[in-house]
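Read the structure below first, then the notes.
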There are 2 protein chains.
Amino acid sequence: MAAPPPKPRSVSIREVAALAGVSLGSASRVINQVPGVSDNTRERVMKAITELGYRPNHAAQALRGRRSRTIGCMLTDVANPLYARLFRAVESRFREAGYVVLLANSLNNPQWEIDILEMFHSRGMDGVLIAPGNERHAQVLAAVQALEMPAVILDRDIACEHDRVQFEHAQGMQHAVSYLLGLGHRDIGLVIAPAHNRPMRRRLEGFQAAFRAAGLPAPKDFIVHLPGAMSPAFDAVSELLQRPRRPTALLTMGTSVLNDTLNAIHRQRLRIPQDISLVSIGDPDFARSYTPPLSALRVDLDTVASQSARLLLDRIEGRQGVAEPRRVKVDVEFIVRQSCAPASGAA
Amino acid sequence: MAAPPPKPRSVSIREVAALAGVSLGSASRVINQVPGVSDNTRERVMKAITELGYRPNHAAQALRGRRSRTIGCMLTDVANPLYARLFRAVESRFREAGYVVLLANSLNNPQWEIDILEMFHSRGMDGVLIAPGNERHAQVLAAVQALEMPAVILDRDIACEHDRVQFEHAQGMQHAVSYLLGLGHRDIGLVIAPAHNRPMRRRLEGFQAAFRAAGLPAPKDFIVHLPGAMSPAFDAVSELLQRPRRPTALLTMGTSVLNDTLNAIHRQRLRIPQDISLVSIGDPDFARSYTPPLSALRVDLDTVASQSARLLLDRIEGRQGVAEPRRVKVDVEFIVRQSCAPASGAA
DNA sequence: GTGAAAGCGCTAACAG
DNA sequence: CTGTTAGCGCTTTCAC
């Protein structure tokens with residue numbers, strides 16, 4: 001570890017005050033728009049500021065004011081388009097409020113999740129917005145619970161005293177499956193990632209609830225848990241489609257799994273929706289532009305972002321006191337496009 | 001703008017020193033692993049640290065040391081998978097070196113780009129890694145040139161005194177096109193985004209260079225500039241494919257444009273590669289898993305990340321002095337898969 | 001309305 | 001080897 005030579009000092013509020021011929025305090029008052037400064041003083045300070053190209057030193061402000069105007073955001077992976085868009089939305093909400101968002105990818109590694117939370121602490125984040133990948137890891141759990149700043153937990157089931165934003169996966173899924181049942185489908189397949197986390201659990205619940213509500217047994221054999229998050233789904237789906245009795249409708253994760261699924265479907269020379277109906281869990285760009293456009297489950301990320309921001313800012317700016325942890329539910333909408341048709345044998 | 005009440009003060013190095021029964025200076029030495037501390041002292045301080053749960057205050061360190069151990073990263077949009085992966089790689093390189101990366105999306109908005117650079121300044125970034133969307137915008141340009149910290153410009157042509165990492169788009173493209181020419185293709189289409197920026201310019205150069213090298217005229221009519229970055233390419237590609245004389249090979253941006261292109265191709269009932277050869281510019285996940293796997297132009301983002309990190313860290317840690325701006329070129333590889341076949345009329 | 005001064009938490013220089 | 005001390009740049013009392 002080399003000894004990084006410090007940067008040259010840049011212009012400080014002292015020099016501004018000096019050039020303006022006022023005291024340090026007055027300069028500060030002008031900069032912070034504190035009322036009760038004479039026009040004369042203000043003008044001279046402003047002039048000095050532009051003349052010197054003065055910029056407030058953030059570290060000094062943070063040290064003195066004990067707040068960094070920075071929000072920590074821990075996600076498993078921005079390369080997941082869902083998270084990328086979420087981050088964009090979150091960043092823009094907070095920017096409006098004068099905060100900067102520090103993004104950290106945990107890549108699902110428990111130790112990194114702990115390290116990142118630690119880093120959020122020592123860097124004095126004013127608040128954090130996190131979706132830990134390890135919901136059940138004792139130490140991650142402890143680190144989350146020990147968070148000393150306002151926090152919002154994003155779509156995870158973690159026992160702690162923080163605010164939460166949760167997606168209504170179960171309802172959304174139930175809606176989609178009921179729709180398929182209504183089209184006469186009974187052999188409905190579900191292809192999901194292996195992660196044992198809140199979203200997956202809830203989706204499964206919704207899937208089963210839909211059958212239960214229709215007085216039908218859920219087709220257990222058609223639920224495919226992929227072996228790994230990044231595992232190619234092509235083989236698994238192909239196998240599913242080649243069974244003597246194959247599903248007539250499929251719900252699959254709208255990630256790379258969806259691509260694999262489409263490939264597998266085409267390979268079997270099945271047509272969407274005539275031969276098989278398809279619903280994407282998640283709504284990637286191309287679901288809309290695909291031929292045919294794919295029906296999908298979607299959560300509105302702008303809503304998620306603004307709700308999360310509201311929860312966090314309420315606390316940060318003292319609007320919420322030490323009130324109870326709050327829970328905000330965000331709908332999972334089912335977008336009907338053209339990838340589902342009545343079950344052939346059932347019309 | 002409410003007046004955010006400051007957070008409660010957390011434990012400081014003073015309290016650590018007090019509990020350990022040593023001076024503030026000794027505590028600091030232990031924390032910073034400065035050699036020349038007795039084992040006794042070290043142990044007592046360490047004990048006090050864990051006992052109190054002490055964490056160094058980053059703002060104070062940054063203020064005092066005039067470095068933030070933070071790298072600013074400005075990209076147009078993390079929702080672009082290329083940038084998402086790049087960020088991941090960059091983040092991980094810098095994390096190893098003890099730095100945190102602050103990501104900001106400019107969404108191509110010139111004013112935001114200026115604001116972000118300004119923010120990087122006042123927050124005392126130790127270095128920045130930027131790919132401004134607006135290469136030709138006077139004020140953005142000025143802001144980039146005025147950057148007062150070590151900077152790496154990512155794949156942009158901007159006249160300034162900063163280090164650069166540039167992708168060899170021209171060579172990569174020339175390679176791919178030569179390959180197609182070698183397969184007997186003459187009517188080669190190119191579908192690219194409208195952005196007038198370095199990557200696009202270089203690709204176009206490479207495209208033309210390949211024809212020139214083969215002693216052939218570049219087919220100007222087959223170059224499609226999409227109207228907007230997000231514009232659906234479906235119609236444009238369909239039009240291309242329906243011409244009396246249609247391209248027998250196509251190179252298209254490996255973004256949503258690729259999906260649209262594939263849709264258009266299928267809609268015309270053309271088969272890949274028998275009826276039309278296809279090359280993706282950029283290598284999204286599904287290019288590999290598609291049926292057939294798609295040949296693609298790819299840049300190794302780990303290389304980009306580590307080169308960028310090296311350039312930046314060299315300067316930050318004073319290894320490079322005030323030397324000339326450096327330029328690092330990164331290959332654009334052409335990955336041959338199975339989406340290209342000999343031109344039918346030419347075998 | 002303005003100035004002087006204290007101190008946020010830390011590191012590094014200096015004296016012992 | 002250890003303690004003391006002087007600020008880093010800023011905001012915010014408290015006097016005037």
Side-chain angles (χ1 to χ4, degrees), chain A residues 1 3-46 48-49 52-69 121-124 126, chain B residues 1 3-46 48-49 52-69 121-124 126:
Chain A
M1 185 90 58
K7 307 193 249 305
R9 351 178 348 179
S10 58
V11 336
S12 84
I13 196 173
R14 276 202 141 68
E15 305 168 53
V16 171
L19 177 60
V22 301
S23 78
L24 200 167
S26 293
S28 172
R29 280 184 276 261
V30 172
I31 291 161
N32 295 298
Q33 320 210 36
V34 177
V37 181
S38 72
D39 287 355
N40 183 352
T41 302
R42 186 188 340 282
E43 276 163 31
R44 304 174 55 171
V45 173
M46 295 300 260
I49 287 176
L52 294 172
Y54 167 77
R55 272 188 284 261
N57 177 318
H58 179 259
Q61 290 180 316
L63 175 56
R64 174 64 228 237
R66 238 176 273 119
R67 55 211 166 69
S68 60
R69 295 206 160 277
H121 259 129
S122 71
R123 293 204 169 217
D126 292 342
Chain B
M1 186 89 61
K7 305 193 249 304
R9 348 177 352 179
S10 58
V11 338
S12 84
I13 196 174
R14 278 201 142 70
E15 305 169 53
V16 171
L19 178 60
V22 301
S23 77
L24 197 167
S26 294
S28 172
R29 281 184 276 260
V30 173
I31 291 162
N32 295 298
Q33 319 210 38
V34 178
V37 181
S38 74
D39 288 356
N40 184 348
T41 301
R42 185 186 343 280
E43 277 163 32
R44 302 174 55 171
V45 172
M46 295 301 261
I49 287 176
L52 295 172
Y54 168 77
R55 273 187 284 260
N57 177 318
H58 179 259
Q61 288 180 317
L63 174 56
R64 175 63 227 237
R66 238 176 273 117
R67 58 213 164 66
S68 60
R69 295 206 159 279
H121 259 129
S122 71
R123 292 202 169 218
D126 291 342

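All chains are named by letter (A, B, ...) in the order of the sequence lines, taking the proteins before the strands, and each is independently numbered beginning at 1.
Here the CZ-CG distance, from R66(B) to D126(B), works out to 12.0 Å after rounding to the nearest 0.5 Å. The distance from the NE2 atom of H121(B) to the NE2 atom of H58(A) is 15.5 Å, given to the nearest 0.5 Å.
Using a 4.0 Å heavy-atom cutoff across all strands shown, V37(B) reaches sugar-phosphate atoms only and no base atom.
Between Q61(B) and P56(B), the shortest heavy-atom contact is NE2-CB, 3.6 Å. Across I49(A) and I31(A), no two heavy atoms sit closer than the pair CD1-CG1, 3.8 Å. Shortest non-hydrogen contact noted between L63(A) and A59(B) is N-CB, 3.8 Å.
For A17(A), the side chain to side chain contact (heavy atoms under 4.5 Å, CB included) partners two or more places apart in sequence, or in a different chain, are V22(A), A27(A). Scored by the side chain to side chain contact (heavy atoms under 4.5 Å, CB included) test, R42(B) finds V30(B), V37(B), D39(B), M46(B) as partners (sequence neighbours excluded). T41(A) meets the side chain to side chain donor-acceptor pair (under 3.5 Å) test with S38(A); sequence neighbours excluded.
Non-hydrogen atoms lying under 4.0 Å from DNA chain D are contributed by nothing in residues 8-16 of chain B. For DNA chain D, the neighbouring residues in residues 19-32 of chain A, judged by any heavy atom under 4.0 Å, are L24(A), G25(A), S28(A), R29(A), N32(A).
Rounded to an integer number of Å, the gap from R44(B) CZ to dC1(D) P is 16 Å. Atoms NZ (K7(A)) and P (dG9(D)) sit 12 Å apart, rounded to a whole Å. Between R66(B) atom CZ and dC10(C) atom P the separation is 18 Å, expressed in whole Å. Nucleotide dG9(D) holds its P atom 15 Å from the CZ atom of R67(B), rounded to whole Å. Taking atom CZ of residue R69(B) and atom C1' of nucleotide dC10(C), one finds them 15 Å apart after rounding to whole Å. To the nearest angstrom, P of dG1(C) lies 15 Å from CD of E43(A).
Ranked by how close their nearest DNA chain C nucleotide is to the 5' end, Q61(B) and G36(A) are led by G36(A). The nearest heavy atom of DNA chain D to L63(B) and to P35(B) marks one nucleotide each, and the one closer to the 5' end goes with P35(B).
A salt bridge (charged side-chain N to carboxylate O under 4.0 Å, His left out) check over residues 11-32 of chain A, counting only residues at least two apart or in different chains, returns nothing.
Of the listed nucleotides (dT2(D), dG1(C), dC10(C)), dG1(C) has the atom at the smallest distance from the side chain of S38(A). Candidate nucleotides dC10(C), dG9(D), dT2(D) were compared by shortest atom distance to the side chain of A60(A), and dG9(D) ranks first.
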